[in-house]
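What's counted below: heavy atoms across the whole structure, side chains too, no hydrogens, waters or symmetry copies. Numbers restart at 1 for each chain; the letters A, B, ... are given by sequence-line order, proteins then strands.
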Protein chains: 2
Amino acid sequence: MPADADVLDRTFHALADASRRSIVVRLSEGPASVSALAEPLDMSLSAVVQHIEVLQKSGIVRSEKVGRVRICRLEPAPMGEIEQWIARHRRVWEGRLDQLGDILESTYGRNP
Amino acid sequence: MPADADVLDRTFHALADASRRSIVVRLSEGPASVSALAEPLDMSLSAVVQHIEVLQKSGIVRSEKVGRVRICRLEPAPMGEIEQWIARHRRVWEGRLDQLGDILESTYGRNP
DNA sequence: CCAATACTTCAGTGATCACTTAAGTGTCTG
DNA sequence: CAGACACTTAAGTGATCACTGAAGTATTGG
């Protein structure tokens, strides 16, 4: 198993959870502390820390400690990798199913 | 929350496994039977069937029985949905990356 | 200095995962 | 019609998951 598959495994897995995706959405608005990320989530701080660890292991999130506060922020590279993977295969099956290609285009838009 | 999050959960989860992704890659070249999909994989047929079930529950794969053979094919819609999700947020934090310089500058006391 | 703050670490639990083997059920083919 | 073929279903196993609560460790504001 190459390291590449591992990165895809971890990144897809990290995003396969609504709580973790909500953390990603929150971080896309800017860096945040662990407790700030925990605040809207209905679970223990411990659980949130564990979600952040999953995101960190995938490489989506990086963090640094500033005093007693841990500041988390997004790292776009792994996302780019899975987006590439999808785009690579989507192109093939878009050619196979024209009507769904149209649906995608009308929803997703044509601009870059 | 909504069914939308559920679709993302299932789709990201379905793609978070190298064996399942290899099935997707194989199917992007055209429809295939269960045993054709199983052939390159080093596991029991039963295990492959279970992987296909995961892919079907996510909506990525559809299948129909023709005689004693089950033919599987790709369904692009759920992929489009996660691609949309990624594209939506990637755009935000790519813009954010430009502001990372600003954050560092303000931290180290340069002009905003 | 001391107590609130912001995590951190650890152990445990029930659920889900990724398999396995074994024993089916239909469907062709000779 | 028999037996190979292509799954299908069921039950079980060990690992990982998504939590919890309790007990830490640094930091920091008053």
Side-chain angles (χ1 to χ4, degrees), chain A residues 1-2 5-27 30-73 78, chain B residues 1 5-27 30-73 78 107:
Chain A
M1 299 216 194
D6 233 40
V7 169
L8 289 171
D9 277 17
R10 283 198 246 267
T11 309
F12 276 121
H13 169 69
L15 294 174
D17 179 282
S19 302
R20 283 194 293 265
R21 283 198 307 277
S22 81
I23 289 173
V24 169
V25 170
R26 173 72 179 75
L27 286 177
S33 69
V34 172
S35 40
L37 293 169
E39 193 268 325
L41 297 171
D42 189 23
M43 61 181 72
S44 71
L45 182 68
S46 204
V48 174
V49 168
Q50 285 165 57
H51 279 308
I52 291 169
E53 271 163 17
V54 171
L55 290 165
Q56 289 201 109
K57 274 170 190 161
S58 80
I60 292 173
V61 166
R62 279 192 352 146
S63 73
E64 62 177 314
K65 199 107 194 223
V66 180
R68 63 185 165 181
V69 180
R70 177 165 298 280
I71 298 298
C72 305
R73 64 194 146 80
Chain B
M1 308 192 145
D6 232 41
V7 170
L8 288 172
D9 277 18
R10 283 197 245 266
T11 309
F12 276 120
H13 169 69
L15 294 174
D17 179 282
S19 302
R20 283 194 295 265
R21 282 197 307 277
S22 80
I23 290 172
V24 169
V25 170
R26 172 71 181 74
L27 287 177
S33 70
V34 172
S35 40
L37 293 171
E39 193 268 324
L41 297 172
D42 188 24
M43 61 180 72
S44 71
L45 182 69
S46 205
V48 175
V49 168
Q50 284 165 56
H51 279 307
I52 291 169
E53 270 163 17
V54 170
L55 289 165
Q56 288 201 108
K57 273 170 190 161
S58 79
I60 292 174
V61 166
R62 276 192 335 144
S63 72
E64 61 176 315
K65 200 108 192 220
V66 181
R68 62 185 165 179
V69 180
R70 178 164 298 279
I71 298 296
C72 304
R73 75 187 75 251
T107 309

Only pairs under 3.5 Å count here: list side-chain donor-acceptor contacts from residues 39-53 of chain A, not counting sequence neighbours, and write none if there are none.
| from | atom 1 | to | atom 2 | distance (Å) |
| --- | --- | --- | --- | --- |
| Ser44(A) | OG | Ala47(A) | N | 3.1 |
| Gln50(A) | NE2 | Ser46(A) | O | 3.3 |
| His51(A) | ND1 | Arg20(A) | NH1 | 3.2 |

- For Ala32(A), which residues count as a side chain to side chain contact (heavy atoms under 4.5 Å, CB included) partner, sequence neighbours excluded?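 Counting only residues at least two positions away or on another chain, Ala32(A) forms a side chain to side chain contact (heavy atoms under 4.5 Å, CB included) with Arg26(A), Leu27(A), Ala36(A), Leu37(A).
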- Message: Would you say that Arg10(B) contacts Ile60(B) through its side chain, given a criterion of any heavy-atom pair below 4.5 Å between the two side chains?
- Response: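 The answer is no; the side chains never approach within 4.5 Å.
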Rounded to whole Å, how long is the line connecting atom [atom1] of [X] with atom [atom2] of [N]?
X: Met43(A); N: dG14(C); atom1: CE; atom2: P; value: 19 Å
X: Arg10(A); N: dC17(C); atom1: CZ; atom2: C1'; value: 17 Å
X: Lys57(B); N: dA18(C); atom1: NZ; atom2: P; value: 11 Å
X: Phe12(A); N: dC17(D); atom1: CZ; atom2: P; value: 17 Å
X: Leu41(B); N: dA18(C); atom1: CG; atom2: P; value: 14 Å
X: Asp42(A); N: dA18(D); atom1: CG; atom2: C1'; value: 14 Å
X: Ile52(B); N: dA18(C); atom1: CD1; atom2: P; value: 14 Å

- Task: Only counting residues at least two apart or in another chain, list the ones meeting side-chain hydrogen bond (donor to acceptor under 3.5 Å, both in side chains) with Arg70(B).
- Result: Ser63(B)
- Query: Would you say dT16(C) has OP1 or OP2 under 4.0 Å from some side-chain N or O of His13(B)?
  - Reply: no
- Item | Side-chain N,O (His51(A)) to OP1/OP2 (dC19(D)) below 4.0 Å | yes
- salt bridge (Lys or Arg N to Asp or Glu O under 4.0 Å) against Glu64(B), all qualifying residues, sequence neighbours excluded: Arg73(B)
- Query: Sequence neighbours excluded, which residues qualify as salt bridge (Lys or Arg N to Asp or Glu O under 4.0 Å) partners of Arg62(A)?
  - Reply: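 Arg62(A) satisfies salt bridge (Lys or Arg N to Asp or Glu O under 4.0 Å) with Glu75(A) once adjacent residues are dropped.
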- Sequence-aligned protein contact record of nucleotides 4-11 of chain D, with B where the base is within under 4.0 Å of a protein heavy atom and S where only the sugar-phosphate is: BBSBBBB-
